[in-house]
Amino acid sequence: MRKTNLGFLVAGLCCVPVLIALIVMTGAPGGSVSQAAEAKFGIVVHGGAGTLKRTSLTPEKEAAYRDKLSEAIRVGQKILRDGGSSLDAVEAAVRILEDSPLFNAGKGAVFTSEGRNELDASIMDGLTLKAGAVASVTRVRNPISLARAVMEKSENVLLVGAGAEVFAKAQAIPLVDPKYFFTQERWDELQKDRERDKKPKSEASPAPNEKHGTVGAVALDKQGNLAAATSTGGRTNKAFGRVGDSPIIGAGTYANNQTCAVSATGHGEYFIRLAVCYDISALIAYRGMSLKEAANAVIKGKLTKLGGTGGIVAIDKDANIAMPFNTSGMYRGYAIGPNPQVVFKIFED
Ligand code: ASP
């Protein structure tokens with residue numbers, strides 16, 4: 001009898017290490033182990049960089065920008081929190097900003113010198129390095145969704161003008177009357193710009209309230225995939241057919257799971273010449289820089305030296321973020337992880 005009890009005791013004691021190992025592997029009751037291993041995720045959004053004056057921004061206007069940008073961030077964050085893809089998150093966030101007249105993308109886009117709205121957008125998937133873009137579209141309500149369709153449902157990367165709109169129709173992407181994009185504020189900006197153009201260069205005052213309002217989003221999802229998206233009406237009074245950096249992969253948008261996802265805003269010609277978004281990724285890949293170092297080297301260093309203005313938002317594979325700009329302000333915000341607090345900023349810290 002005694003011998004049997006001892007046998008059970010020895011057998012029981014032998015099981016203890018096995019039980020401990022099982023708890024460690026499967027997670028302790030209450031989930032503390034699995035929480036510690038929770039995958040990182042996050043989203044960063046911008047609403048354009050430019051000459052923004054604290055004095056000319058009324059509290060109401062500031063609140064309107066904060067609310068819309070925060071709404072876009074929250075919608076993207078929820079997709080990521082629920083296990084959705086970074087592509088879905090950036091597309092959803094950009095669509096919200098395209099639908100708002102506050103930003104220079106979709107409704108509220110700036111006018112060309114001919115008084116039209118010509119829209120550009122692009123999106124990139126950091127997992128596959130697939131990308132899609134559209135330029136100079138005039139009737140597509142949400143150019144970012146058309147860019148995504150180009151990426152996923154065609155063999156192309158960039159479609160422009162009438163050809164892009166034929167493709168949109170075939171994909172049942174909603175088209176609108178070009179009047180849909182009209183806002184009085186953007187129309188008035190064009191008139192002011194035209195007036196300035198008439199004056200000799202020496203007399204012309206610098207561009208009034210030269211805010212750009214392009215929108216963009218970058219995200220990291222729980223699967224470790226990065227994505228970037230950018231959408232714009234371009235620059236006020238731009239030449240008929242002019243295309244900026246926003247639909248150019250590597251210039252206005254870039255994403256690579258090995259490095260980072262970047263979306264840009266600013267004077268597009270400079271961003272194209274410097275391949276700004278790709279350059280940030282390349283500095284991380286080839287020089288081993290951190291995201292912040294790479295983003296600062298390109299925006300505060302190279303872009304500024306060349307005379308270009310603007311900024312970028314970026315996130316890397318570890319959910320580090322960077323948001324440098326060399327203008328007086330850039331509408332921007334982010335949410336990292338499940339934290340319900342959205343951070344919103346306009347001016348330098
Ligand atoms: N980058 C855009 C363009 O040049 C404009 C902007 O971001 O404000 O078309």
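Residues take their numbers from the sequence shown, with the count starting at 1. Both counts, for ligands and for their atoms, begin at 1 and track the order of listing.
At most 12 heavy atoms of other shown residues, nucleotides or ligands fall within 6.0 angstrom of atom NZ in Lys292. No more than 12 heavy atoms of other residues, nucleotides or ligands shown are found within 6.0 angstrom of CD on Gln258.
Looking at ligand 1, you won't find any N or O of Arg235 less than 3.5 Å from one of its N or O atoms. Polar contact with ligand 1: present for Thr265 (N/O pair, distance under 3.5 Å). Of the polar atoms of Ala264, none of the N or O atoms is found under 3.5 Å from an N or O of ligand 1, judged by distance alone.
The CZ atom of Arg141 sits 4.5 Å away from atom CG of Asp99, with the distance rounded to the nearest 0.5 Å.
Annotation for ligand 1: atoms under 4.0 Å from non-hydrogen atoms of Ser246 are 1 (N), 2 (C). Those atoms of ligand 1 with a heavy atom of Gly234 less than 4.0 angstrom away are 5 (C), 9 (O).
When the heavy atoms of Gly266, Gly213, Gly311 are ranked by distance to atom 5 (C) of ligand 1, first place goes to Gly266. Considering Glu118, Arg242, Lys238 only, the shortest heavy-atom separation from atom 9 (O) of ligand 1 involves Arg242. Of the candidates Val243, Asp245, Asn104, the one placing a heavy atom closest to atom 3 (C) of ligand 1 is Asp245.
The shell of residues lying under 4.0 angstrom from ligand 1, judged by heavy atoms, excludes Gly48.
Relative ring orientation between Phe103 and Tyr65 is described as perpendicular, the plane-to-plane angle rising above 60° on a 0-90° scale split at 30° and 60°.
For the side-chain hydrogen bond (donor to acceptor under 3.5 Å, both in side chains) with Glu91, the qualifying choice from Ser85, Ser145, Ser86 is Ser145, the only one to do so.
Sorted by first then second residue, the ring-ring contact (aromatic ring centres under 6.0 Å, His included) pairs that include residues 129-148, not counting sequence neighbours, number zero.
Remark: Lys107 is positioned above the aromatic ring of Tyr180, its terminal NZ or CZ atom under 6.0 angstrom from the ring centre and at most 45 degrees off the axis.
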